[in-house]
Amino acid sequence: MMLLTPLPRPVLLSTLWIVLLFNYLYCDVLGLYDPAHLVDLETGTLGGGPFTPGKLVAAGVLMQIPIAMVLLARVVRHGLNRWINVGAASVMAAVQVSTLFLGTPPTPVYLFFSAIEITLLLAIVVLAAYWTRSRERAAHDRALAGV
């Protein structure tokens, strides 16, 4: 008996990016309840360094990667889709891993969400990298071409 509904690879990848975004968001929301984090924000520091409007913009730009991937995973043709998913997930995984070692030590809730986020990113890399030519891919490409 099959417990999971098989999804077309573009839909599955897009859904994983959505789940990842919810994890990023909820981790940030819960982080606001950490008293030490609130003190850092009030004093204008974060991770041991000054927290500037420029860093806030940089964080927003970084978050545009997974936001864009929700759409791109569904609409880009197979060959390019594979590699932008691998590239975007690799960049985001490298950033996530680096945040565990830079600045102040991570809180338990941050470690919990980071483990989930890194796992999701690795799943995206594997699913995209091993996405082979198939009828599903051909149907997806025909649908994008309007055929």
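The figures here come from the full heavy-atom set of this structure, side chains too, leaving out hydrogens, waters and symmetry mates.
- Across M69 and A88, no two heavy atoms sit closer than the pair CG-CB, 3.7 Å.
- In this structure, the side chain to side chain contact (heavy atoms under 4.5 Å, CB included) partners of L111, at least two apart in sequence or on a different chain, are L100, P106.
- Both V91 and L71 are members of a single hydrophobic cluster when ILVMFWY side chains are connected at heavy-atom separations under 4.5 Å.
- Rounding to the nearest 0.5 Å gives a distance of 11.5 Å between CD1 of I84 and CD1 of I65.
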Note to self: Could you go through M92 and L62, starting from their C-alpha distance and side-chain angles, then the distance that decides it, and tell me whether this counts as side chain to side chain contact (heavy atoms under 4.5 Å, CB included)?
What the structure shows: CA-CA 8 Å; M92 295 307 294; L62 183 66; 3.9 Å; yes
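- Cluster membership for L7 and Y130, using ILVMFWY side-chain heavy atoms within less than 4.5 angstrom, is not shared.
- Evaluation of the side chain to side chain contact (heavy atoms under 4.5 Å, CB included) rule for T45 yields D40, T43 as partners, not counting sequence neighbours.
- Legend: residues meeting side chain to side chain contact (heavy atoms under 4.5 Å, CB included) with L4, ordered by chain and number and at least two apart, are absent.
- Hydrophobic cluster membership for V39: none, as no Ile, Leu, Val, Met, Phe, Trp or Tyr side chain comes under 4.5 Å of it.
- Residues A73 and P10 come closest through the heavy atom pair O-CB, 3.1 Å.
- Hydrophobic clustering keeps L122 apart from L127 (ILVMFWY residues linked when any side-chain heavy atoms are closer than 4.5 Å, directly or through intermediates).
- Residue F22 holds its CZ atom at 15.0 Å from SG of C27, rounded to the nearest 0.5 Å.
- Hydrophobic clustering (ILVMFWY, side-chain heavy atoms < 4.5 Å, transitive): I118 and F113 are in distinct clusters.
- Screening residues 19-30 for side-chain hydrogen bond (donor to acceptor under 3.5 Å, both in side chains) gives no qualifying pairs among residues at least two apart or on separate chains.
- In terms of hydrophobic clustering, with Ile, Leu, Val, Met, Phe, Trp and Tyr side chains grouped at heavy-atom distances under 4.5 Å, I67 and L72 are assigned to a common cluster.
- Among all heavy-atom pairs drawn from W131 and H78, the shortest one is O-NE2, 3.1 Å.
- The backbone N or O of A128 lies less than 3.5 Å from no partner atom in the side chain of R9, so there is not a single donor-acceptor pair.
- A 4.5 Å side-chain heavy-atom check between K55 and T52 finds at least one atom pair inside the cut-off.
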Distance-only criterion, 3.5 Å: show the donor-acceptor pairs between side-chain atoms of residues 11-21 and protein atoms not counting sequence neighbours.
residue : atom : partner : partner atom : Å
S14     : OG   : V70     : O            : 2.7
S14     : OG   : R74     : NE           : 3.0
T15     : OG1  : V11     : O            : 2.7
W17     : NE1  : N85     : OD1          : 2.7

